[in-house]
Amino acid sequence: MMQGDSYGLPVELKTAGEKTITPDDVSDIEITVGYLTKRYSSGDVWFDYDSGVWIFPLSQEETFAYPASRVKAQARVAWKDGGVNGVELGRINVAESISREVV
């Protein structure tokens with residue numbers, strides 16, 4: 001990702017048995033990328049049934065706020081039975097943008 005990018009970041013979430021986690025399985029999903037946290041219950045992230053991934057939308061303003069570095073990404077799944085499990089999603093490389101303008 002580059003500072004100033006704007007797109008839906010795809011996040012693939014699967015159970016230990018490799019089953020894709022969908023909205024039917026959960027009461028909520030929380031995804032955090034660096035400083036930014038968004039939740040399914042708030043309508044801030046959603047599930048794309050065509051590709052089988054959760055979408056974490058990013059605006060130009062949001063990605064400009066990331067430092068040029070490697071930012072951590074995590075998800076927390078709130079299951080319908082009340083349990084909550086967290087998972088590390090790794091790190092995302094953020095490249096510095098020479099331009100600082102929203103286009």
Side-chain angles (χ1 to χ4, degrees):
M1 155 188 336
M2 180 177 281
Q3 294 169 331
D5 283 358
S6 176
Y7 62 95
L9 180 68
V11 177
E12 185 178 53
L13 296 174
K14 295 189 175 207
T15 65
E18 293 298 310
K19 178 187 173 288
T20 298
I21 298 170
T22 72
D24 294 334
D25 303 314
V26 303
S27 62
D28 204 1
I29 294 277
E30 176 188 83
I31 300 172
T32 301
V33 178
Y35 74 94
L36 192 57
T37 298
K38 297 183 180 187
R39 294 175 72 168
Y40 173 64
S41 62
S42 301
D44 297 326
V45 299
W46 60 88
F47 187 76
D48 180 353
Y49 284 93
D50 291 334
S51 58
V53 296
W54 293 87
I55 303 296
F56 184 91
L58 291 160
S59 70
Q60 289 185 65
E61 293 85 356
E62 289 169 336
T63 62
F64 271 133
Y66 287 122
S69 65
R70 291 173 44 106
V71 297
K72 285 185 179 181
Q74 299 177 330
R76 292 192 320 146
V77 177
W79 303 100
K80 290 188 174 183
D81 68 3
V84 177
N85 295 101
V87 61
E88 292 282 343
L89 301 174
R91 292 181 181 264
I92 298 171
N93 291 325
V94 179
E96 183 177 12
S97 175
I98 296 170
S99 169
R100 302 304 293 179
E101 288 190 43
V102 172
V103 293

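Note on V87 and V11: same hydrophobic cluster, where clusters join Ile, Leu, Val, Met, Phe, Trp and Tyr whose side-chain heavy atoms are under 4.5 Å apart, directly or indirectly. Taken together through direct or relayed side-chain contacts under 4.5 Å among Ile, Leu, Val, Met, Phe, Trp and Tyr, Y35 and V94 form part of one hydrophobic cluster. I31 is connected to M1 through a chain of hydrophobic side-chain contacts under 4.5 Å among Ile, Leu, Val, Met, Phe, Trp and Tyr, so both are in one cluster. Residues L58 and V33 are members of one and the same hydrophobic cluster, defined by side-chain heavy-atom contacts under 4.5 angstrom among Ile, Leu, Val, Met, Phe, Trp and Tyr. Using a 4.5 Å cut-off between side-chain heavy atoms of Ile, Leu, Val, Met, Phe, Trp and Tyr, with links allowed through other members, Y49 and V77 fall into the same hydrophobic cluster.
Panel note: side chain Q60, backbone V103; a donor-acceptor pair is recorded below 3.5 Å. A donor-acceptor pair under 3.5 Å is formed between the side chain of D28 and the backbone N or O of S41. Here the side chain of Q3 pairs a donor or acceptor atom with the backbone of S97 at under 3.5 angstrom. The backbone N or O of A78 lies less than 3.5 Å from a partner atom in the side chain of S27, making a donor-acceptor pair.
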Report the C-alpha separation of T63 and M2 in whole Å, then their side-chain angles, then the decisive distance to 0.1 Å, and conclude whether the side chain to side chain contact (heavy atoms under 4.5 Å, CB included) test is met. CA-CA 7 Å; T63 62; M2 180 177 281; over 6 Å; no

Going through the checks in order, is the side chain to side chain contact (heavy atoms under 4.5 Å, CB included) test met by L89 and L13? CA-CA 9 Å; L89 301 174; L13 296 174; 4.0 Å; yes

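Shortest non-hydrogen contact noted between S6 and S59 is OG-CA, 3.8 Å. Across A95 and A68, no two heavy atoms sit closer than the pair C-CB, 4.3 Å.
Distance CG/L9 to CD1/I55: 8.0 Å, rounded to 0.5 Å. With rounding to the nearest 0.5 Å, the separation of CG in D25 from CZ in F47 is 8.5 Å. Rounded to the nearest 0.5 Å, atoms OG1 (T20) and CG (D24) are 12.0 Å apart. Interatomic distance, I92 CD1 to K72 NZ, rounded to the nearest 0.5 Å: 13.0 Å. The line from CD of E96 to CZ of F64 is 10.5 Å long, rounded to the nearest 0.5 Å. With values rounded to the nearest 0.5 angstrom, S42 atom OG is found 12.5 Å from I29 atom CD1.
Atom NZ of K14 is surrounded by more than 12 heavy atoms from other residues, nucleotides or ligands within 6.0 Å.
When W46, F56, W54 are each tested for a ring pair (Phe, Tyr, Trp, His ring centres under 6.0 Å) with Y40, only one passes: W54.
With a 4.5 Å cut-off on side-chain heavy atoms, P57 and E62 do not count as touching.
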